[in-house]
Asker: 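Quick one: the structure is below, questions incoming.
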Amino acid sequence: MAEGLDMPAEALARRGFVRAHTAAAWEQAYLPGNGWCGPLKVVRGAGAEVAFARKRASKLDLWALGGYYWPWRGVALEAGAGEQSLIGLADELTKRPCGAMLRMGPLIDGDTDTQDFVKLLCARGWRGLRQESGQVFELALPASMEALQAQVSGSLWKNIAYQRRRLEKQGAVTAERHRLSAAQAMPLLQRAALVEQASWVAQQGEEVKLMGAQNQAYWSQLAQHGDEPKVVLWLLSWGERDIAFSLHLEHGKTMCIVANGYDEALKASSPGSLLSLDIFRDAIARGMRLVDWGQGDSGYKQRWGAQPGARMVDMILFRPGLVGALGHRLLKKVLSSWEAL
């Protein structure tokens, strides 16, 4: 199927975030580490490729889809490539498998390229197990700010206006959107990392996305390519002080919010909400239509009108043959909560 022809809007929204250079940047920045071993093994077909690396998880040592966790991992399909490219890729992986077991995940049910690739593997004798691993929250952006206000919690809208007025009495509140490039990526990422360092995420020992040499190297590497997906960083400043950030990947009319945070010392002033309003205003003006806000919600995303959307799944595939069949039979008993493909 040629790109853009007879394809549902949901599928089009999910295409374009997995590219060959995104996996290569992940390899350079993060391997080896966190149970992963390099180098990547890249399997290629005409117009399509998929990358794997060795991963140790619990007692399992297997090959798994490589790449940054979010927005997702999967098959990198060139613009204009379609079913024949996926068929060639499935043939190539079946002839030259990485190992007896392949971990495929996280996958999103709207990524039809990767889902179709898995179906093609199963048609060639691969077996598989799957488990749902979560659900992302999505915000459908309307065509106007008036329509956005109508779907947003009234108390949230009023609080944003109040907090902005209160902060502006002591200094200018400005939000800036930066599409990262090779020239300015590192200094901007370092500014955002200082905000992340002052956020509850860092203070409570949660996973950070911008602090540290590896994280900054990854995003800088992505920015050097200058093509899709776009790497976008927003910074909210109060006078000369950066108080909130939001890191995005953009492709077409879809925006994935990869990470955001604010200075915990300014929590009472709702800097995250102030920045979100500026981001959505800009997105509506540029014709963006879908915000992928990642998994989970403590209630904040729904106050903006976000709803549960695409589901995330993990899969383990077993190559054709006796070894794969034995592995499938064994893990089917051990992983009793997983379903057969």
Side-chain angles (χ1 to χ4, degrees), residues 9-18 22 67-74 105-111 132-143 145 147-153 155-157 159-160 175 177 179 192 195-196 199-201 206-210 219 222 228-236 244-262 267 270-313:
E10 166 68 11
L12 285 173
R14 297 297 178 191
R15 301 192 80 176
F17 287 94
V18 181
T22 64
Y68 199 79
Y69 183 84
W70 194 256
W72 47 81
R73 304 172 178 132
L107 302 178
I108 197 162
D109 59 12
D111 177 6
E132 187 172 312
S133 58
Q135 189 171 26
V136 303
F137 274 76
E138 299 170 348
L139 175 62
L141 289 172
M145 285 301 294
L148 178 66
Q149 183 175 359
Q151 73 185 37
V152 171
S153 162
S155 60
L156 175 61
W157 199 270
N159 182 62
I160 291 172
R177 177 183 182 270
R179 179 177 176 182
V195 179
E196 188 176 49
S199 72
W200 70 268
V201 174
E206 300 292 333
E207 182 183 4
V208 294
K209 302 296 180 64
L210 295 177
W219 296 110
L222 281 192
E228 301 289 327
K230 304 178 186 72
V231 184
V232 174
L233 178 66
W234 280 83
L235 285 166
L236 182 73
F245 76 91
S246 195
L247 179 68
H248 306 164
L249 291 175
E250 294 184 2
H251 176 70
K253 296 183 181 298
T254 302
M255 176 173 69
C256 287
I257 299 179
V258 179
N260 51 26
Y262 57 82
K267 180 179 180 179
S270 304
S273 296
L274 269 63
L275 182 55
S276 292
L277 179 57
D278 287 333
I279 290 170
F280 297 149
R281 179 184 288 112
D282 172 81
I284 289 172
R286 291 187 294 114
M288 304 295 283
R289 286 294 171 259
L290 180 68
V291 177
D292 184 325
W293 218 329
Q295 297 185 63
D297 178 32
S298 61
Y300 175 76
K301 298 174 185 178
Q302 293 179 75
R303 293 183 72 190
W304 284 99
Q307 299 294 325
R311 296 183 181 278
M312 306 293 297
V313 295

Asker: Counting only heavy atoms from other residues, nucleotides and ligands, does the tally under 6.0 Å from NZ of Lys230 exceed 12?
Answerer: yes

Asker: Provide the closest heavy-atom pair for His251 versus Pro229 in the form atom of the first, atom of the second, distance.
Answerer: CB-CB, 4.5 Å

Asker: Rounded to the nearest 0.5 Å, what separates atom OH in Tyr69 from atom CE in Met312?
Answerer: 5.5 Å

Asker: To the nearest 0.5 Å, how far apart are CE in Met255 and CD1 in Ile279?
Answerer: 6.5 Å

Asker: Could you tell me whether the side chain of Leu249 reaches within less than 4.5 Å of the side chain of Val231, counting heavy atoms only?
Answerer: yes

Asker: Write down the atom of Asp297, the atom of Tyr300, and the distance for their closest heavy-atom approach.
Answerer: OD1-N, 3.1 Å

Asker: Show, in sequence, the C-alpha distance, side-chain angles and deciding distance for Gln151 and Leu139, and conclude whether the side-chain contact (heavy atoms from CB on, under 4.5 Å) test is met.
Answerer: CA-CA 10 Å; Gln151 73 185 37; Leu139 175 62; 3.3 Å; yes

Asker: To the nearest 0.5 Å, what is the distance between CG on Leu275 and CZ on Arg177?
Answerer: 12.5 Å

Asker: How close do Leu156 and Ser273 get, heavy atom to heavy atom, and via which atoms?
Answerer: CD1-OG, 3.7 Å

Asker: Which atom names give the shortest non-hydrogen contact between Ser155 and Arg303, and what distance separates them?
Answerer: OG-NH2, 3.0 Å

Asker: Show your working on ring pair (Phe, Tyr, Trp, His ring centres under 6.0 Å) between Phe137 and Trp304 and close with a plain yes or no.
Answerer: CA-CA 11 Å; Phe137 274 76; Trp304 284 99; over 10 Å; no

Asker: Decide yes or no for Met145 and Leu277: does some side-chain heavy atom of the first lie under 4.5 Å from some side-chain heavy atom of the second?
Answerer: yes

Asker: Taking all non-hydrogen atoms of both residues, which atom of Arg289 and which atom of Ile284 are closest, and how far apart?
Answerer: NH1-O, 4.5 Å

Asker: Any chance you could lay out the side chain to side chain donor-acceptor pair (under 3.5 Å) test for Asn159 and Ser270, step after step, and finish with the verdict?
Answerer: CA-CA 8 Å; Asn159 182 62; Ser270 304; 3.0 Å; yes

Asker: Walk me through it: do Trp157 and Phe280 pass the test ring pair (Phe, Tyr, Trp, His ring centres under 6.0 Å)?
Answerer: CA-CA 13 Å; Trp157 199 270; Phe280 297 149; 10.0 Å; no

Asker: Nearest 0.5 Å, please: how far is OG1 in Thr254 from CG in Leu290?
Answerer: 4.5 Å

Asker: Near Glu207 CD, under 6.0 Å, is it more than 12 heavy atoms from other residues, nucleotides or ligands?
Answerer: no

Asker: Tell me whether Arg311 contacts the main-chain N or O of Gln135 through its side chain, where contact means a donor paired with an acceptor under 3.5 Å.
Answerer: no

Asker: Before giving the answer on side-chain contact (heavy atoms from CB on, under 4.5 Å), spell out for Leu210 and Trp219 the whole-Å C-alpha distance, their side-chain angles and the decisive distance to 0.1 Å.
Answerer: CA-CA 8 Å; Leu210 295 177; Trp219 296 110; 3.8 Å; yes

Asker: Please report the interatomic distance CZ(Arg179) to CG(Leu233), rounded to the nearest 0.5 Å.
Answerer: 14.0 Å

Asker: Rounded to the nearest 0.5 Å, what separates atom CD in Glu132 from atom CG in Asp109?
Answerer: 8.0 Å

Asker: So, for Asn260 and Ser246, which heavy atoms are closest and what is the spacing to 0.1 Å?
Answerer: CB-OG, 3.7 Å

Asker: Okay, side chain of Glu196, backbone of Lys209: is any donor-acceptor separation there less than 3.5 Å?
Answerer: yes

Asker: For the pair Asp292 and Ile108, evaluate side-chain contact (heavy atoms from CB on, under 4.5 Å) and give the outcome as yes or no after the intermediate values.
Answerer: CA-CA 11 Å; Asp292 184 325; Ile108 197 162; 4.2 Å; yes

